[in-house]
Protein chains: 2
Amino acid sequence: MSVHSGVPTSSAVEDYAKAIYALAAESDGPVSTNAVAERLGVTPASASAMVKRLDELGLARHVPYRGVELTARGSQLALEVLRHHRLLELYLAESLGVPWDRVHDEAEVLEHVLSEELEELIATKLGNPKRDPHGDPIPTRELEIEEDHTLSFDSLEPGGRGTFVRISDSDPQMLRYLADRGISPGAAFEIVEKQPFGGPLFARFGDEVHVIGGTLAARMRVEVST
Amino acid sequence: MSVHSGVPTSSAVEDYAKAIYALAAESDGPVSTNAVAERLGVTPASASAMVKRLDELGLARHVPYRGVELTARGSQLALEVLRHHRLLELYLAESLGVPWDRVHDEAEVLEHVLSEELEELIATKLGNPKRDPHGDPIPTRELEIEEDHTLSFDSLEPGGRGTFVRISDSDPQMLRYLADRGISPGAAFEIVEKQPFGGPLFARFGDEVHVIGGTLAARMRVEVST
DNA sequence: AATAAAGTTTAGGCATGCCATAATCGGGCA
DNA sequence: TGCCCGATTATGGCATGCCTAAACTTTATT
């Protein structure tokens, strides 16, 4: 049990704050209890109870049957944990050589336990980086985070060009799949073709044309060239 | 909740195993429930309940009114956690520059959360060290630990010579106190004088004679020169 | 508008792990 | 032998965090 902004928080509370933060970013407006439950792999009943607790702790505002929204303090907590998570991912990969697709799970555990002192030492050692190995932005010490102006890969149309920026870090298999094909954050591409009816995209990365569809295409975040 | 040797263990269980292991090493024979309670800062009632649980888990054998002893599995668990703890201490000090007297508290938390994979990477990075920064031996991957043939500093008599090996790692203030005076593990000394009635010892470390008594002298472990 | 489906919350339980109080046991001393 | 004190345990309580089942609200369909 640690304390952030005067609020006693457990791992569970931190995970809920993170989940609500992430869901709110994906589709703004209040977040449904069910969505939270699904994301965390608990039953809706459990989520409902915890959401109520976050409300009582002043971390969120919950209107029954309507959804949850984080308060300023709740967002702060989420960003604090996010900073821990992403710093740890980068650190584990760079300093300890943990494989790219394993860092997420390790960080998931350590993030709740990292002291401010260690956070600071790690950030300094890494040179206060702005992005983790998945390309996700790392909140600053002051908990400011770079705004996301990426699009999902599968929202692009033929002829579109851009740069692959990141992928949801909770999908190590996707990371490995792309890495195996030589596609990693920073890779430039051009959409060659798009199959209708939710079909895959054909995109040129360097010399090769790759076929990418399904959930993978939906989870890939890209920055379009103007 | 992790799993060691087929037994599901929580941080609490691991802490109890560690405590019993340490107490058994200090004075062999079965360990009293009360001693465990005191070491962990819980009431005897709580310790009694947990000791019973360790028994049920097959980690210890507890004979009411007689005391507790770890089983083979229990010792294994304790050594596993000890290995985590000491590797972490060394790693934090060496790779992240955490001050010598802070590493214990950080390691105390992280030891319960360290994955086998990370343990292995850290051990390799450190070159499979045999001792942590306090001079305590680190159990091997196979959980063998170097036998302790040290004596407590205050058991020595004038004329005795030896090497300061380590100090209980749960006393950062003692560590700092000694470090401030230029005394660290490996330092050779000779006992100059010993005050009677439990008084302090006068010992020469290098050129200087230091006066050391009380709990500090009792906690310092030394190796005597033959 | 009535009803069905989907989403949400409440009620009741279970396990962990801590505490305090109070009953009980065991060994030493008179 | 009997008594007392300290160690041990039993009992009941509290908080976290998860579950299932059942009740309830909202939204969609007919």
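Note that the structure is a prediction, hence the values are computed from the model and not measured.
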Regarding P44(A), tell me which of base, sugar-phosphate or nothing describes its non-hydrogen contacts under 4.0 Å with the strands shown. base
Expressed in angstrom and rounded to an integer, what is the separation of L40(B) atom CG from dC18(C) atom C1'? 12 Å
Flag side-chain contact, heavy atom, 4.5 Å: I122(B) against L114(B): yes
Which is more 5' along DNA chain D, the nucleotide nearest A35(B) or the one nearest A49(A)? Just name the residue. A35(B)
Between C1' on dC18(D) and CG on D15(A), what's the gap in Å once rounded to a whole number? 14 Å
Considering only heavy side-chain atoms of S46(A), the closest of dT8(C), dT16(D), dC19(D) is dC19(D)
Tell me the interatomic distance from E56(A), atom CD, to dG17(D), atom P, rounded to whole angstroms. 13 Å
For G67(B), report the nucleic acid contact type (base, sugar-phosphate, nothing); a contact means any heavy atom under 4.0 Å. nothing
Closest of dT10(C), dC18(D), dC18(C) to the S48(A) side chain is dT10(C)
Nearest whole angstrom, please: distance from the C1' of dC18(C) to the CZ of R53(B). 12 Å
Nearest whole angstrom, please: distance from the P of dA15(D) to the CG of L57(A). 13 Å
Euclidean distance, atom CD of residue E14(A) to atom P of dG17(D) [Å, nearest integer]: 10 Å
dT9(C), OP1 or OP2 - any side-chain N/O from H62(A) closer than 4.0 Å? yes
Counting any heavy atom closer than 4.0 Å, what does A45(A) reach on the DNA or RNA strands: base, sugar-phosphate only, or nothing? base
Provide the closest heavy-atom pair for R221(A) versus T150(A) in the form atom of the first, atom of the second, distance. NH2-O, 2.8 Å
Whole-Å distance separating the CE atom of M50(B) from the P atom of dC19(C): 11 Å
Out of dA10(D), dC18(D), dT9(C), minimum distance to the side chain of P64(A) belongs to dT9(C)
For S152(A) and D154(A), run side chain to side chain donor-acceptor pair (under 3.5 Å): C-alpha distance rounded to whole Å, both residues' side-chain angles, the deciding distance at 0.1 Å, then the answer. CA-CA 6 Å; S152(A) 83; D154(A) 69 356; 2.7 Å; yes
Looking at H85(A) versus H104(A), is the centre-to-centre ring distance below 6.0 Å? yes
So which nucleotide from dT9(C), dT9(D), dT16(D) ends up closest to the side chain of T33(B)? dT9(D)
For the side chain of T43(A), starting at C-beta, report the closest nucleotide among dC19(D), dA7(D), dG17(C). dC19(D)
Is any side-chain heavy atom of F153(A) closer than 4.5 Å to one of V165(A)? no
Rounded to the nearest Å, what distance is computed from the OH atom of residue Y65(A) to the P atom of nucleotide dT8(C)? 10 Å
Report yes if a side-chain nitrogen or oxygen of S10(A) is closer than 4.0 Å to either non-bridging phosphate oxygen (OP1 or OP2) of dG17(D); otherwise report no. yes
Return the nearest nucleotide to the side chain of R66(A); candidates are dT27(D), dA11(C), dG17(C). dT27(D)
